[in-house]
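Below you'll find the structure, written out as structure tokens, and then a few comments.
Residue indices begin at 1 and follow the sequence shown. Small disclaimer: the values here were computed from a predicted structure and weren't measured. First listed ligand is number 1; within each ligand, the first listed atom is number 1.
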Amino acid sequence: MKEMEKESFKEISEARTQEELERIRLKYLGRKGIITENLSQISELPLEERKLQGKKINDIKQHIAEEIEKRKSDLKEKSISGTSESKIDITLPGKPFEIGKIHPLMQLMNEVKDIFLGLGFTIATGPDMESDYYNFTALNIPKDHPSRDIQDTFYIKPKEQNAKSESYSTVTKQGEKEIVLRTHTSPVQIHIMEKNKPPIRIIAPGRVYRHEAVDASHSYIFHQIEGLAVDEDITFADLKAVLDSFIKKMFGSNVLSRFRPSYFPFTEPSAEVDMQCLICKGTGCSVCKQTGWVELLGCGMVNPKVFEFVNYDSNKYTGYAFGMGIERIAMLKYGINDMRLFYENDLDFLKQF
Ligand code: DAH
């Protein structure tokens, strides 16, 4: 009997479902079970002996029944909370997983785009690789202009030259055939004017490249947004109104800006726009070199010589153009003093935007 009891306990503890447990119960305690059979077998024994054995069997019956009940409630609990080794509390909040964000430069780019879309501009794009013609010549940048210098421009060998000789000089001998990584977004102006007749009102965001050492305010790849409007009777006053509106939307309506005469080959007259230094509020600091003003962008009225390259009648049409660096605007807006922070993928920096 003791053996049988031991065996039943083992089976109960190993039962993994309520069904298995029920089978065990029937095996031992059922009407045709082992215990009932044992009880019927003792009926032939003498009275005293029968009483003794009967009690023993009934005790075992009791123990088995208790053991089954215990296991039953154990299994019930486990089926809710998993196995005892790995309890899962389904009421705990899940682990949050991090989703990516738009890079601060692209966020700012989108903001600039939105402002100009609101002013009636549409978005245009151009290739990152340009011929010398689009990047320089058609923008009235003369052959001897310093920005053509090998130090500022990444030259790419034209395909035919590539195959011929490795010693091919990157300094132009082939003239217009030369391919460069665009040094500014201004060549998009030419592409747009070649393919469309006025009125034109576009902005062209994109990457630009310069042969430049990296430091706190320089990079060999950066971003610009170009603007171009051409129509009859466009004046410098239109340019001022559009840029003034942009600056107020981007930096706040109290920010002062000023137009300062400047020079660009593709605009005449040309200007640079300065804005009041946001860091010292115009009183003078190291960022604005004690002047109270910081340079924001270049602009001007489209040079009639540029119109000649795209066969626009400069007696009929006038236009304005502007170009600005996105990194520069981001640095001014967020008070960032090192451009490299935008490119280093430091999550602690990026998460702030
Ligand atoms: N392309 C000039 C640069 O990269 C910026 C610029 C100045 C663009 C004047 C313009 C402009 O369209 O009118 O420095």
Please step through salt bridge (charged side-chain N to carboxylate O under 4.0 Å, His left out) for the pair K10 and E7, ending with a clear verdict.
CA-CA 5 Å; K10 186 163 171 272; E7 176 65 26; 5.5 Å; no
Plane angle bin for Y334 and F353 - parallel if under 30°, tilted between 30 and 60°, otherwise perpendicular:
perpendicular
Is any side-chain heavy atom of K351 closer than 4.5 Å to one of E98?
yes
Pairing residues for Y28 by the ring-ring contact (aromatic ring centres under 6.0 Å, His included) criterion, not counting sequence neighbours
none
Under a 3.5 Å threshold, I'd like every N/O contact between ligand 1 and protein atoms, with atom names and distance.
| residue | atom | partner | partner atom | Å |
| --- | --- | --- | --- | --- |
| ligand 1 | 1 (N) | H184 | ND1 | 2.9 |
| ligand 1 | 1 (N) | S186 | OG | 3.0 |
| ligand 1 | 4 (O) | R210 | NH2 | 2.9 |
| ligand 1 | 4 (O) | Q224 | NE2 | 3.0 |
| ligand 1 | 12 (O) | Q189 | NE2 | 3.2 |
| ligand 1 | 12 (O) | E226 | OE2 | 2.6 |
| ligand 1 | 12 (O) | F322 | N | 3.3 |
| ligand 1 | 12 (O) | F322 | O | 3.3 |
| ligand 1 | 13 (O) | A321 | O | 3.2 |

May I ask you to decide if the ring planes of F116 and F121 are parallel, tilted or perpendicular, using 30° and 60° as cut-offs?
perpendicular
Could you walk me through whether I35 and I57 satisfy the side chain to side chain contact (heavy atoms under 4.5 Å, CB included) test, starting with their C-alpha distance in whole Å, then the side-chain angles of each, then the deciding distance to 0.1 Å, before giving a yes or no?
CA-CA 7 Å; I35 297 286; I57 294 171; 3.8 Å; yes
